[in-house]
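Right, one structure below, let's go through it.
We count ligands from 1, going down the list as the structure has it; atoms in each ligand are counted the same way. Since the structure is predicted, the reported quantities are computational estimates derived from the model, not experimental observations.
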Amino acid sequence: MKTLLVKYTPREERSNSKKLLDAFKNEIKNSAIDVIDLCIDVPDLFNVQNMNAYIHRDYLKEEISHEQKKSMEKMDRMTSQIKSADIVVVAFPMHNFSMPAPVKAWFDSVMLKGQTWDAADGKYLGLMGGKKALIIISSGGFYTNGPMMNWEHALSLTTAEFQFMGFSDIRGILNEGMNAGDERVQSTNIQKSLDEVKKIATEWYGK
Ligand SMILES: Cc1cc2nc3c(=O)[nH]c(=O)nc-3n(C[C@H](O)[C@H](O)[C@H](O)COP(=O)(O)O)c2cc1C
């Protein structure tokens with residue numbers, strides 16, 4: 001069994017998302033662990049060269065040049081990391097109501113046609129069946145209830161990305177209200193998220 005931990009937690013030791021990810025990591029049993037730190041291992045963005053390489057290789061099924069192959073190297077490596085994992089955990093803070101740009105770039109890097117999803121007869125097909133995903137997101141505000149409910153595009157988008165790739169079991173934790181200005185609310189919410197993280201880890205790896 002293999003677990004892939006994908007993190008973008010630039011506040012490092014102060015990050016609540018990191019604390020939750022570390023709590024999950026402590027519960028992992030009988031599994032190899034692969035870690036991608038998106039603050040260090042920054043995913044490529046699509047540009048003119050790699051976009052053309054991707055289209056010609058994976059959509060048009062053409063032979064591409066050595067330079068074009070090289071332009072896809074990091075995306076291909078990140079894609080093989082997600083393909084080889086049985087469980088994928090992503091952890092990051094909400095930025096401007098969605099996922100931070102490096103996290104989006106990671107999804108763009110691994111959501112390659114013919115690798116993690118495909119299309120046939122006008123239908124999309126996720127190729128990652130049987131895998132599990134856990135999404136851990138911290139946010140300053142509240143989105144489960146209240147006036148900001150419709151502004152939540154972090155957990156909803158991340159869930160959709162994993163669904164599109166066909167993941168069989170997708171769990172999401174929105175560790176919200178971290179900037180509520182009320183320490184009791186904050187610590188109650190963190191504890192609730194920690195309990196949830198541990199419950200999911202026990203369910204997936206055993207006691
Ligand atoms: C650049 C930036 C943008 C942010 N945007 C939002 C936002 O749109 N909504 C929100 O609720 N919190 C927002 N926050 C607050 C963080 O999501 C919040 O502090 C979170 O708990 C940080 O996670 P961490 O503890 O893992 O670093 C933002 C923070 C930063 C630095």
Hey, is [atom1] on [X] packed in by over 12 heavy atoms from elsewhere, all under 6.0 Å?
X: K2; atom1: NZ; answer: yes
X: K61; atom1: NZ; answer: yes
X: K113; atom1: NZ; answer: yes

Test of ring centre spacing under 6.0 Å for F164 and F107:
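Between F107 and F164, which both carry aromatic rings, the centre distance is not below 6.0 Å.
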
Would you find a donor on one side and an acceptor on the other, under 3.5 Å apart, between the side chain of S31 and the backbone of T3?
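Yes: the side chain of S31 pairs with the backbone of T3.
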
Atom pairs and distances, ligand 1 N/O vs protein N/O under 3.5 Å:
from     : atom 1 : to   : atom 2 : distance (Å)
ligand 1 : 5 (N)  : N96  : N      : 2.9
ligand 1 : 8 (O)  : N96  : N      : 3.0
ligand 1 : 8 (O)  : F97  : N      : 2.7
ligand 1 : 9 (N)  : Y143 : OH     : 2.9
ligand 1 : 11 (O) : G140 : N      : 3.1
ligand 1 : 11 (O) : G141 : N      : 2.7
ligand 1 : 11 (O) : Y143 : OH     : 2.7
ligand 1 : 12 (N) : G140 : N      : 3.1
ligand 1 : 17 (O) : M94  : O      : 2.8
ligand 1 : 17 (O) : S138 : O      : 3.4
ligand 1 : 19 (O) : N179 : OD1    : 3.4
ligand 1 : 19 (O) : N179 : ND2    : 3.4
ligand 1 : 25 (O) : R11  : NH2    : 2.7
ligand 1 : 25 (O) : N16  : N      : 2.8
ligand 1 : 26 (O) : S15  : OG     : 2.6
ligand 1 : 26 (O) : N16  : N      : 3.4
ligand 1 : 26 (O) : S17  : N      : 3.0
ligand 1 : 26 (O) : S17  : OG     : 2.6
ligand 1 : 27 (O) : R11  : NE     : 2.8

Any carboxylate oxygen within less than 4.0 angstrom of a Lys/Arg side-chain nitrogen, looking at E63 and K69?
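Result for this pair is yes, salt bridge flagged.
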
